[in-house]
Amino acid sequence: MENNDLSPTINKLFEAIEKLIPGYMTNPADQCISNGNLAACIIEENGLVHGKMFGTNNLRLRQTYKVAWTKASQVWLTGVKTGEYEKMVFNKEVGENANGIEAPDLIGWEGGQPLQMKNGTKLSVGFSGFRGTTDLEIMVRALAEIEENLTE
């Protein structure tokens, strides 16, 4: 990507996430996790961190963002989805500290993943506040939506 400023694209990604949230909040299994206090963290390849919290309970948002950042930063270090990386460590496919993360600091929960934009730009993302599978899905859907609109 010639223009290294991803801020406008990432802001559109946050807007797309915000539009998707109400649909996910209709699922009782997702409602109860954080009561609508959600967070997304996106780390660019160069380490620039972007974050957004959605909700009204600042104390809960602080904790939710911490989890989202932990997921995104683990992906940034490892290049592997959270949950999958832990399996690799515990199956001894990867050394415990191979990527600078010791076992007690592994996140374990789904919701962190590498995403690649159509132009090849790689993002390490973490989402927290829904079930892990939903945390993964909302980020993929939001990226697909903005990329579809970017090409139109």
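The analysis underlying the following values was restricted to heavy atoms, covering all of them including side chains, and did not include hydrogens, waters or symmetry mates.
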Original post:
Taking ILVMFWY side chains as joined if any heavy atoms are under 4.5 angstrom apart, and letting links pass through other members, which residues group with Leu136?
Top reply: none

Original post:
With sequence neighbours left out, what residues match Arg131 under salt bridge (Lys or Arg N to Asp or Glu O under 4.0 Å)?
Top reply: Asp30

**OP:** Please identify each residue that fulfils side-chain hydrogen bond (donor to acceptor under 3.5 Å, both in side chains) with Asn97, with sequence neighbours left out.
**Re:** none

**OP:** Would you indicate whether the side-chain heavy atoms of Asn35 and Asn57 approach each other to under 4.5 Å?
**Re:** no

Subject >> Side chain Asn99, main chain Ile101, donor-acceptor under 3.5 Å >> reply: no

Original post:
Distance from Ile21 atom CD1 to Lys19 atom NZ, nearest 0.5 Å?
Top reply: 12.0 Å

Original post:
Same hydrophobic cluster for Ile10 and Leu20, using side-chain heavy-atom links shorter than 4.5 Å among ILVMFWY?
Top reply: yes

**OP:** Work out which heavy atom in Ser124 is nearest to a heavy atom in Ala72; give both atom names and the distance.
**Re:** CB-O, 3.6 Å

**OP:** List for me each residue that meets side-chain hydrogen bond (donor to acceptor under 3.5 Å, both in side chains) alongside Glu86, sequence neighbours excluded, and say none if there are none.
**Re:** Gln74

**OP:** Look only at the side chain of Asn91 and the backbone of Lys87, and say whether a donor-acceptor pair between them is shorter than 3.5 Å.
**Re:** yes

Original post:
Can Leu123 and Leu6 be said to form a side chain to side chain contact (heavy atoms under 4.5 Å, CB included), step by step?
Top reply: CA-CA 10 Å; Leu123 302 172; Leu6 290 176; 4.0 Å; yes

Original post:
With sequence neighbours excluded, what pairs up with Ser7 under the side-chain hydrogen bond (donor to acceptor under 3.5 Å, both in side chains) test?
Top reply: Asp5

**OP:** Among residues two or more places apart or on two chains, list those pairs meeting salt bridge (charged side-chain N to carboxylate O under 4.0 Å, His left out) that have a residue in residues 6-15.
**Re:** none

Subject >> side chain to side chain contact (heavy atoms under 4.5 Å, CB included) between Asp105 and Thr70, worked out >> reply: CA-CA 9 Å; Asp105 296 325; Thr70 302; over 6 Å; no

**OP:** Using the ring pair (Phe, Tyr, Trp, His ring centres under 6.0 Å) rule, collect all pairs that involve residues 13-37, keeping only residues at least two apart or in two chains.
**Re:** Tyr24-Phe130

N/O donor to acceptor pairs below 3.5 angstrom from side-chain atoms of residues 42-55, sequence neighbours left out:
| residue | atom | partner | partner atom | Å |
| --- | --- | --- | --- | --- |
| Glu44 | OE2 | His50 | NE2 | 2.6 |
| Glu45 | OE2 | Lys122 | N | 3.4 |
| Asn46 | OD1 | Leu48 | N | 2.9 |

Subject >> Trace of the side chain to side chain contact (heavy atoms under 4.5 Å, CB included) decision for Leu13 with Leu143 >> reply: CA-CA 6 Å; Leu13 186 56; Leu143 182 59; 4.2 Å; yes

Subject >> Shared hydrophobic cluster, Val125 / Trp69 (ILVMFWY, side-chain heavy atoms < 4.5 Å) >> reply: no

Subject >> Exercise: identify the closest heavy-atom pair between Gly120 and Gln116 >> reply: CA-NE2, 3.5 Å

**OP:** For side chain to side chain contact (heavy atoms under 4.5 Å, CB included), just list the numbers for Thr9 and Met117, CA-CA rounded to whole Å, side-chain angles, deciding distance to a tenth of an Å, and then say yes or no.
**Re:** CA-CA 10 Å; Thr9 301; Met117 297 177 63; 3.6 Å; yes

Which pairs would a plain distance check flag for residues 60-67, meaning a side-chain donor or acceptor within less than 3.5 Å of a matching protein atom at least two apart in sequence or in another chain?
| residue | atom | partner | partner atom | Å |
| --- | --- | --- | --- | --- |
| Arg60 | NH2 | Ile33 | O | 3.3 |
| Thr64 | OG1 | Asn37 | O | 3.3 |
| Thr64 | OG1 | Arg60 | O | 2.8 |

**OP:** Determine which pairs satisfy salt bridge (charged side-chain N to carboxylate O under 4.0 Å, His left out) with at least one residue from residues 133-145, sequence neighbours left out, and list them in order.
**Re:** Lys71-Asp135

Original post:
Just by distance, do the side chain of Thr82 and the backbone of Trp109 share a donor-acceptor pair under 3.5 Å?
Top reply: yes

Subject >> Residues forming a side-chain contact (heavy atoms from CB on, under 4.5 Å) with Pro104, sequence neighbours excluded >> reply: Glu96, Glu102

